[in-house]
Amino acid sequence: MGKQKTKKFAAMKRMINLRDHRIKEKDRAKPKEKKKKKDPSELKEREVTKYPSCLFFQYNTQLGPPYHILVDTNFINFSIKAKLDIVQSMMDCLYAKCIPYITDCVMAEIEKLGMKYRVALRIAKDPRFERLPCTHKGTYADDCLVQRVTQHKCYILATVDRDLKRRVRKIPGVPIMYISNHRYNIERMPDDYGAPRF
């Protein structure tokens with residue numbers, strides 16, 4: 001009787017060392033650099049977030065009549081359900097001339113909704129609405145609106161979407177228009193612009 005061969009358990013595969021001469025130069029591990037001692041008198045570089053010059057703390061100096069209002073898809077749909085004329089109701093809310101703006105992404109989103117929302121599409125194509133062209137790829141409207149509002153602080157965002165409102169509240173100096181009790185209301189608007197508080 002000969003010896004029986006048994007399997008070795010927990011035997012590891014032998015790995016080649018990363019500094020081995022058989023490995024190509026580009027695949028080798030780089031030698032570790034020794035850490036320098038920190039000089040306490042050395043100036044420390046910090047990255048400070050830049051805020052736009054139009055903001056005085058939370059107060060946005062670029063807002064003023066005529067108001068530029070970015071409109072979201074669901075804002076148009078809910079305005080139709082509440083039987084509100086968009087431009088007239090905006091003027092009633094802000095007591096000033098309002099110019100509603102619609103981006104290509106929002107327009108594409110309304111077109112994708114199909115025949116059920118053809119009234120919303122007809123309202124969006126109204127000549128009183130200004131069109132804003134989008135240069136980015138993709139048609140997710142919420143990201144587009146947040147990006148625009150972050151770059152240019154002259155807009156008021158009109159939306160009913162809770163998630164979008166939550167995202168925009170984190171951006172300082174951007175008022176939000178929404179629908180409640182069959183009328184338009186506005187939040188985070190500076191007091192001296194005459195927007196009613198409810």
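Excluded from the calculations below are hydrogen atoms, water molecules and symmetry mates; all remaining heavy atoms, backbone and side chain alike, are included.
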>> Is there a side-chain contact between Leu70 and Thr103 in this structure, where contact means two heavy atoms from C-beta onward sitting under 4.5 Å apart?
In response: yes
> Can you name the residues that form a side-chain contact (heavy atoms from CB on, under 4.5 Å) with Ala108, not counting sequence neighbours?
Replying inline: Thr139
> Is a side-chain donor or acceptor of Asp104 paired with a backbone partner of Cys134 at a separation under 3.5 angstrom?
Replying inline: yes
>> Give me the atom names and distance for the closest heavy-atom approach of Ile102 to Val71.
In response: CG1-O, 4.2 Å
> Going by heavy atoms in the side chains, are Val87 and Cys98 under 4.5 Å from each other?
Replying inline: no
> Would you say the side chain of Arg183 lies within less than 4.5 Å of the side chain of Asn185, judging by non-hydrogen atoms?
Replying inline: yes
> Counting N and O atoms only, with roles assigned by atom type, does the side chain of Asp72 sit under 3.5 Å from a partner on the main chain of Thr159, one being a donor and the other an acceptor?
Replying inline: no
> Does anything in residues 118-129 pair up under salt bridge (charged side-chain N to carboxylate O under 4.0 Å, His left out), and if so which pairs, sequence neighbours excluded?
Replying inline: Asp85-Arg128, Asp126-Arg128
> Side-chain contact, heavy-atom cut-off 4.5 Å: Lys97 with Pro65?
Replying inline: no
> Can you hop from Ile80 to Ile86 via hydrophobic side chains spaced under 4.5 Å?
Replying inline: yes
>> Ile76 vs Ile110, test: side-chain contact (heavy atoms from CB on, under 4.5 Å). Steps then yes/no.
In response: CA-CA 9 Å; Ile76 296 172; Ile110 295 170; 3.8 Å; yes
> Restricting to pairs with a member in residues 156-182, which pass salt bridge (charged side-chain N to carboxylate O under 4.0 Å, His left out), not counting sequence neighbours?
Replying inline: Asp143-Arg167, Asp163-Arg166, Arg169-Glu187
>> Quick one, Leu132 with Val106, criterion side-chain contact (heavy atoms from CB on, under 4.5 Å). Give me CA distance, side-chain angles, the key distance, then yes/no.
In response: CA-CA 10 Å; Leu132 292 173; Val106 173; over 6 Å; no
>> According to a hydrophobic-cluster definition based on side-chain heavy atoms being under 4.5 Å apart (Ile, Leu, Val, Met, Phe, Trp, Tyr only), do Ile69 and Ile171 belong together?
In response: yes
>> Just to verify, what does Phe78 make a side-chain contact (heavy atoms from CB on, under 4.5 Å) with, not counting sequence neighbours?
In response: Asn74, Val160, Ile179
> At their closest point, which heavy atom of Lys153 faces which heavy atom of Leu63, and how far apart are they?
Replying inline: O-CD2, 4.3 Å
>> Taking the side chain as everything from C-beta on, heavy atoms only, tell me whether Pro100 gets closer than 4.5 Å to Glu130.
In response: no
>> Please enumerate all residues that pass side-chain contact (heavy atoms from CB on, under 4.5 Å) together with His152, with sequence neighbours excluded.
In response: Cys154, Tyr155
> Is a side-chain donor or acceptor of Ser89 paired with a backbone partner of Tyr184 at a separation under 3.5 angstrom?
Replying inline: no
> Other hydrophobic cluster members with Tyr117, side-chain heavy atoms of Ile/Leu/Val/Met/Phe/Trp/Tyr under 4.5 Å, chained?
Replying inline: Leu113
>> Hydrophobic clusters here meaning ILVMFWY residues chained together by side-chain heavy-atom distances under 4.5 Å, can you tell me if Ile99 and Phe75 are in one?
In response: yes
> Is any side-chain heavy atom of Ile176 closer than 4.5 Å to a side-chain heavy atom of Ile186?
Replying inline: no
> Above 12 or not: heavy atoms from other molecules or residues under 6.0 Å from CG of Asn181?
Replying inline: no
> Mind checking whether Met107 and Val119 sit in one hydrophobic cluster, side chains of I, L, V, M, F, W, Y counted as touching below 4.5 Å?
Replying inline: yes
> When clusters are formed by joining ILVMFWY residues with side-chain heavy atoms under 4.5 Å apart, either directly or through shared neighbours, do Leu55 and Val146 land in the same one?
Replying inline: no
